[in-house]
Amino acid sequence: MKSSFLTMMFAILFATSGCAQTQTNQEPSLPEIPPTEENLPKVYFYKEISSENLVKIYEALGREAKGRVAVKLSTGEPGGHNFLQPALIKELVQIVNGTIVECNTAYGGGRANTESHLKAAADHGFTAIATVDIMDAEGETELPVTGGKHLTRDIVGKNYLNYDFTIILSHFKGHAMGGFGGAIKNMSIGIASSNGKRLIHSAGTSTTSWGNPAQDDFLESMAEAAKAVADHCGGNILYISVANNLSVDCDCDSSPADPEMGDIGILASLDPVALDRACTDLVRSSEDHGKIHLIERIDSRHGMHTLDHAESLGMGSQKYELVELD
């Protein structure tokens, strides 16, 4: 009887949920079946970090980036040096004919306006490998947040609507406020306009001030903004993270601490929650004693709560299958 009831419930869920949503502002469809041991999201992993393996791990995902492709990465704050190097990402970006996309910062510094941001991107070598689009240069637009506790909207760069497919290409590392920066941070704060960044940091209370929200409220808001992007994209998005130069500080820091542990590798998934969890798991399971500094940064900021909230929103699963590639 119990088996028949479960079968009926899954049938109802299947019948009422739509196919993966494309990049529109329609309501997102519900997941058909929650992850089980048989259908856990896959996270692919290369230990060797190289341009060739970056392309191979993209291909392993089996989802082709088509149309006008946005490659979201951090071009790095002037003075910093840990950001993903253009020489590493060039082949992947050019294979998909991608445009590197960013939005201006909300904290001042060397990327707070479009002119200085483009100069930083040029100085760091990104404009030499691809077109760089500062997406809020000419304004912003809103994406709806469904099911959020703090946000009802995500404010993103206006030009983001010009793209058909998004590659979230993240440098996994620590972060002064979030504990760590990975796929969810990159797609939430990174795609948000300056006003959108303030909205996230203030947990939905302001577009003019960062405010002073409870830490968990900020982390939850970051997950909610990421969900807005994921819902907008539907099946037209994928996630790749490079875990190298593992500083406790973000690439938004102009004077980041030097890494105190060795590189881990390249990871990729169609599930951003699984990807971020796999990156943190590999840090924790590393035999490198230097990991203690990054773990302290993650845990002191309650960073894993971001994934708890993202999972509760239906963005993905913290259970996954790690597939190591040769």
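Just so we're clear, the structure is a prediction, and the values are computed from it rather than from any experiment.
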Answer yes or no: is there a donor N or O on one side and an acceptor on the other, between the side chain of [X] and the main chain of [Y], under 3.5 Å?
{"X": "Tyr107", "Y": "Cys252", "answer": "yes"}
{"X": "His293", "Y": "Glu260", "answer": "no"}
{"X": "Ser247", "Y": "Asn82", "answer": "no"}
{"X": "Asp271", "Y": "Val273", "answer": "yes"}
{"X": "His175", "Y": "Met177", "answer": "yes"}
{"X": "Asn186", "Y": "Ser74", "answer": "no"}
{"X": "Ser269", "Y": "Pro272", "answer": "no"}
{"X": "Ser170", "Y": "Phe172", "answer": "no"}
{"X": "Arg301", "Y": "Gly179", "answer": "no"}
{"X": "Gln94", "Y": "Leu92", "answer": "no"}

Answer yes or no: is there an ion pair linking [X] with [Y], defined by an N-O contact shorter than 4.0 Å?
{"X": "Glu102", "Y": "Lys72", "value": "yes"}
{"X": "Asp249", "Y": "Arg297", "value": "yes"}
{"X": "Arg111", "Y": "Glu77", "value": "yes"}
{"X": "Lys56", "Y": "Glu52", "value": "yes"}
{"X": "Lys158", "Y": "Glu140", "value": "no"}
{"X": "Arg284", "Y": "Asp299", "value": "yes"}

Assess, by modelled atom type and distance only, whether the side chains of [X] and [Y] contain a donor and an acceptor separated by less than 3.5 Å.
{"X": "His302", "Y": "Gln215", "value": "no"}
{"X": "Glu224", "Y": "His150", "value": "no"}
{"X": "His171", "Y": "Asn245", "value": "no"}
{"X": "Tyr160", "Y": "Asp133", "value": "no"}
{"X": "Gln318", "Y": "Asp276", "value": "no"}

If you draw a 6.0 Å radius around [atom1] in [X], do more than 12 non-hydrogen atoms from other residues or ligands fall strictly inside?
{"X": "Glu138", "atom1": "CD", "value": "no"}
{"X": "Asp123", "atom1": "CG", "value": "yes"}
{"X": "Lys291", "atom1": "NZ", "value": "yes"}

Considering non-hydrogen atoms only, spot the tightest contact between [X] and [Y] and give its length.
{"X": "Asn104", "Y": "Ser194", "value": "O-OG, 3.3 Å"}
{"X": "Gly147", "Y": "Leu313", "value": "O-CD2, 3.4 Å"}
{"X": "Thr280", "Y": "Met304", "value": "OG1-CE, 3.4 Å"}
{"X": "Lys173", "Y": "Cys250", "value": "CE-SG, 3.8 Å"}
{"X": "Gly262", "Y": "Asp288", "value": "N-OD2, 2.6 Å"}
{"X": "Glu48", "Y": "Ile266", "value": "O-CD1, 4.0 Å"}

Given side chains that start at C-beta, do those of [X] and [Y] come closer than 4.5 Å, heavy atoms only?
{"X": "Phe45", "Y": "Leu282", "value": "yes"}
{"X": "Arg63", "Y": "Tyr58", "value": "no"}
{"X": "Leu161", "Y": "Asn159", "value": "no"}

TODO: Measure up the Phe218 and His201 rings against each other and bin them: parallel (under 30°), tilted (30 to 60°), perpendicular (over 60°).
DONE: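 Judged by the thresholds at 30° and 60°, the geometry between Phe218 and His201 is parallel.
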Open item on the list: Please determine whether residues Ile200 and Val229 belong to a single hydrophobic cluster, defined as Ile, Leu, Val, Met, Phe, Trp and Tyr linked transitively by side-chain heavy-atom distances below 4.5 Å.
Closed with: no
